[in-house]
Amino acid sequence: VEHRRGERPAILEHVVMNKLDPHPWARAYPELGEGPLSIEPYVSPAWFEAEKEKIFKRLWLCVGRVEEVAKPGDYKIKRIHVADTSAIIIRGKDDRVRAFHNVCSHRCNTVLNEEGDETYGHCGGAVMTCRFHRWSYAGDGRLIGVPHDRGFYDGFSKADNGLAEIHCDLWEGFVFICLAEQPPMPLADFLGDYGRYFAGFPYAEMSLGFKYETYLNCNWKVALDAFQETYHVPFIHNSFPHTVPSGPRNFQTFGLHRSCGIALDFTGEPSPVSQLANTVRASLVAQKEGAMLSSAMNPDRDPNYSFELSCCFPNMLLHVAEGIWFSNTFWPVAHDKCFWEGRYHCQPPRTNSERWAIEHSVTLQRNTWLEDTATMENTQRAMMSGAKKIQNLQDDEVLLRHSYQTIADYVHG
Amino acid sequence: MAEQMVDPKLREIIQRYGAWNLATHNERWARRRTSSEAELKAFYDDMLPLLPDILAACDRFPLGELPAPYDALLNVAISAAEVAPHVELYRGSPKVPNSFEESKFIALRGDRADWCTV
């Protein structure tokens, strides 16, 4: 990479600021430690198996938004490799969103056809019918139709052979499932203070959603970590020379979950087309007025505060800002492979020019994600070399440290 | 269809850049990736001064109700928004520099013309 020397004095300022107080988070969270972290959790198949059993098959996982299944009969099927299953998320005729394993009670064919990791569709009358022998199920999972059912024997009853249900609950329009037979706690308790901190944001008003996804040949935590710090931003995203992010501000943990504020320092004028887009419709990098964010956020009322960067344990990074929210979710597939979903949500355009400005914002967000994801497969390959047993974290990478520790506690617990 | 457009500058831009009149995100994205640096620069330079007029012309119609020539004009303007970062930020490179392989990113509904309004 060619560096443009002398063009970004604000980065130096950022470094100088850190030097004034280089370890605020180690002092605030001594339990997270200061030492290097092992790379074993990123390269070990045994560690991956432990994460599967102790985290992903046990705890609540966010699998989407209610808007994705807006009308009765709408469904989404999500393959969850890390739990060896596919979940059907369907809105029933009673308007309730439920989740089921996509497994027919007859001879275990998938009830609904899947096209890749995520499949969207609609069932008339919210009735799910298996293509194989046309067994059909109501939106609440009851088995309601079996062709030639008299051919089955005594002891077979439709009432006992509904779809296998998955625990499903909603928070602020986000759909969560828990694959455990019995969730260790209700969703509200799992989210706890994190859920309260992020409640009330007008997620549903941001009904226009864009999503990019891809497989990454890296451990899910390599990708998660890269998105949990802003240390990389001046270097990986050096195409934005005039936008310099802060390190974590007001970092706090909520049990398993964590959050911090990020301020953006604008050291120059936006590029001409960005400037035009900003005048049409404020985008992420435009400072703007508004009061969508909770008063608990940005307690110092920093005028440069831009967005909240948070992790909903284990695998979803949720960000809220005035006028948008965006998220990154990392689904483990194997110890060295994951499926990434990046979402960007905003209010729908009211005019043609607003539509144009939104397209521009989405383009910039996509390109930023393309820059982010560029390092991940390289990191994994280098980790797999075995040349290094540890990684070194600085104080601004405190979110990674908390992430590492909470995951390790489950794996060892 | 361009004849229906009153402003001769806008009429001309549709005629010259009809190849960028693409209805979907995936098409605009692919065209940018496969264009040359010189093509992107010429397109950007011609479009930049006209963008405010183009958007104002399109805003005379309600969202989703653009007559065909204005729909074409907006498509070309959105293509310019796709291209702009490459001229403004990436020193002309038709690819996002130092990025993950772009063709491996899948955009949900990226093949639908209404992806920005549904």
Side-chain angles (χ1 to χ4, degrees), chain A residues 1-2 4 68 116-118 120 207-216 235-242 270-277 279-280 340-343 346 348-364 366-377, chain B residues 24-25 28-29 32-33 44-45 47-52 54-66 70-71 73-91 93 95-110 114-118:
Chain A
V1 181
E2 190 184 340
R4 284 172 278 179
E68 294 177 279
D117 271 67
E118 293 201 328
Y120 295 86
S207 60
L208 184 63
F210 300 88
K211 195 169 87 165
Y212 291 89
E213 59 191 35
T214 194
Y215 280 104
L216 296 166
F235 316 111
I236 288 292
H237 307 303
N238 62 1
S239 53
F240 293 98
H242 302 307
S271 58
V273 171
S274 290
Q275 196 144 30
L276 179 60
T279 61
V280 176
W340 162 81
E341 301 172 27
R343 288 171 179 270
C346 61
R350 293 159 299 184
T351 63
N352 290 300
S353 57
E354 283 186 357
R355 182 188 158 201
W356 173 84
I358 290 173
E359 296 267 12
H360 181 257
S361 300
V362 173
T363 294
L364 290 179
R366 180 202 64 206
N367 293 357
T368 305
W369 283 335
L370 281 163
E371 292 170 344
D372 283 314
T373 46
T375 61
M376 296 169 184
E377 297 188 345
Chain B
T24 70
H25 171 75
R28 294 186 287 267
W29 185 10
R32 183 264 295 162
R33 295 202 299 265
Y44 174 87
D45 287 347
M47 287 295 289
L48 182 62
L50 293 176
L51 279 172
I54 292 173
L55 297 179
C58 291
D59 274 347
R60 286 168 41 221
F61 304 95
L63 180 69
E65 295 176 32
L66 286 173
Y70 290 90
D71 190 50
L73 197 56
L74 186 60
N75 284 341
V76 175
I78 296 171
S79 290
E82 168 73 45
V83 166
H86 296 265
V87 178
E88 295 178 341
L89 305 172
Y90 311 147
R91 300 170 167 199
S93 164
K95 304 239 163 44
V96 178
N98 302 308
S99 74
F100 187 71
E101 192 180 321
E102 293 192 48
S103 62
K104 288 187 183 171
F105 259 36
I106 308 296
L108 183 69
R109 296 190 306 266
D114 61 350
W115 92 312
C116 195
T117 50
V118 290

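As a basis for the values below, the full set of heavy atoms in this structure was taken, side chains included, without hydrogen atoms, waters or symmetry mates. Order of the sequence lines sets the chain letters (A, B, ...), proteins ahead of strands, with each chain counted from 1.
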### Query
Which answer fits B/Pro85, side chain, backbone, both or neither, if we ask what part of it has an atom under 4.5 Å from a heavy atom of chain A?
side chain
## Note on the structure
Of all heavy-atom pairs linking A/Arg350 and B/Leu63, the shortest is O-CB, 3.7 Å
### Pick from A/Asp372, A/Leu370, A/Leu216, A/Thr214 with the largest number of heavy-atom pairs that fall under 4.5 Å of chain B
A/Leu370
### Task
Side chain from CB out, backbone as N, CA, C, O: work out which of these in A/Trp340 comes under 4.5 Å of a heavy atom of chain B, or both, or neither.
side chain
## Note on the structure
Closest non-hydrogen atoms of A/Thr373 and B/Phe100, given as atom of the first, atom of the second and distance, are OG1-CB, 3.1 Å
## Note on the structure
What one should report as the nearest heavy-atom pair of A/Pro349 and B/Cys116 is CD-O, 3.5 Å
#### Entry: Best-contacting candidate, B/Ile54, B/Leu108, B/Leu48, B/Val87, against chain A by heavy atom pairs under 4.5 angstrom
B/Leu108
### Task
Determine the minimum heavy-atom distance between A/Pro272 and B/Glu88, stating which atoms define it.
CD-OE2, 3.3 Å
### Task
May I ask you to test the A/Glu359-B/Trp115 pair for a side-chain heavy-atom distance under 4.5 Å?
yes
### Query
To the nearest 0.5 Å, how far apart are OH in B/Tyr90 and CD in A/Glu371?
5.0 Å
### Task
Would you give the length of the straight line joining atom CD of A/Glu341 to atom CD1 of B/Ile106, rounded to the nearest 0.5 angstrom?
13.0 Å
### Query
How about A/Val273 and B/Tyr44: do any of their side-chain heavy atoms sit closer than 4.5 Å?
yes
### Message
Assess the residue pair B/Tyr70 and A/Asn352 against the criterion (side-chain hydrogen bond (donor to acceptor under 3.5 Å, both in side chains)); give the C-alpha distance rounded to whole Å, side-chain angles, the decisive distance to 0.1 Å, and a yes or no.
### Response
CA-CA 10 Å; B/Tyr70 290 90; A/Asn352 290 300; over 6 Å; no
### Query
Given a strict heavy-atom distance threshold of 4.5 Å, which part of A/Glu118 is in contact with chain B: side chain, backbone, both, or neither?
neither
### Query
Taking every heavy-atom pair that is under 4.5 Å apart, which of A/Thr375, A/Ile236, A/Val362, A/Asn367 has the most such pairs with chain B?
A/Asn367
### Task
Indicate the atoms forming the closest heavy-atom contact of B/Ser99 with A/Ala374, along with that distance.
C-CB, 3.5 Å
### Task
Using salt bridge (Lys or Arg N to Asp or Glu O under 4.0 Å) as the criterion, list what pairs up with A/Arg343, not counting sequence neighbours.
A/Glu68
### Task
Give me the ring orientation class for A/Tyr212 and B/Phe105: parallel if the planes are under 30° apart, tilted from 30 to 60°, perpendicular past 60°.
tilted
## Note on the structure
Honestly, the part of B/Arg60 sitting under 4.5 Å from a heavy atom of chain A is neither
### Message
For A/Ser239 versus B/Leu89, what's the shortest heavy-atom pair and its separation?
### Response
O-CD2, 3.2 Å
#### Entry: Toward chain B, the part of A/Thr363 with a non-hydrogen atom under 4.5 Å
side chain
### Task
Considering only heavy atoms and a distance below 4.5 Å, find which of A/Arg366, A/Met376, A/Glu354 pairs most often with chain B.
A/Arg366
### Query
Would you say the side-chain atoms of A/Ser353 pair up with the backbone N or O of B/Leu55, donor to acceptor, closer than 3.5 Å?
no
### Interatomic spacing from NZ in B/Lys104 to OH in A/Tyr215 - rounded to 0.5 Å
13.0 Å
### Straight-line distance of B/Leu51 CG to A/Leu276 CG, nearest 0.5 Å
6.0 Å
